[in-house]
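The first residue of the sequence shown is numbered 1, and numbering continues consecutively from there.
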Amino acid sequence: MHGHDNDPEGPLLYEGRTNLDTAAWKTGRLTVGVFDDGRPGGPVDFIVVRGADGR
């Protein structure tokens with residue numbers, strides 16, 4: 001089971017699921033997963049955007 005559980009050290013990869021919630025509201029770091037519909041499994045890449053305060 002995978003709920004809404006943020007982890008500032010994320011993203012976290014598990015078999016069959018990916019937790020992208022890096023607590024952007026608190027850490028200033030927003031993480032986006034890039035997925036390829038033609039490839040099974042987790043993300044093929046991540047895009048990380050940091051807040052203006054440099055975090």
Side-chain angles (χ1 to χ4, degrees):
M1 185 167 146
H2 183 88
H4 186 75
D5 184 25
N6 62 57
D7 188 320
E9 303 300 317
L12 303 176
L13 302 174
Y14 303 99
E15 186 174 336
R17 59 193 170 107
T18 303
N19 182 354
L20 297 172
D21 189 346
T22 54
W25 60 275
K26 183 176 173 183
T27 65
R29 188 169 65 94
L30 176 68
T31 304
V32 178
V34 179
F35 294 84
D36 180 347
D37 289 341
R39 187 180 130 196
V44 295
D45 202 359
F46 296 104
I47 300 170
V48 178
V49 180
R50 298 187 186 280
D53 63 1
R55 288 190 275 178

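At least one donor-acceptor pair closer than 3.5 Å links the side chain of R29 to the backbone N or O of G10.
With sequence neighbours excluded, no residue satisfies side-chain hydrogen bond (donor to acceptor under 3.5 Å, both in side chains) with N6.
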Side-chain donor-acceptor pairs under 3.5 Å in residues 31-49, sequence neighbours left out?
residue, atom, partner, partner atom, Å
T31, OG1, T22, OG1, 3.4
D36, OD1, G38, N, 2.9

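Put simply, CG on D21 and CG on L30 are 9.5 Å apart, with the number rounded to the nearest 0.5 Å.
Considering all non-hydrogen atoms of both residues, N19 and D5 come closest at ND2-O, 2.7 Å.
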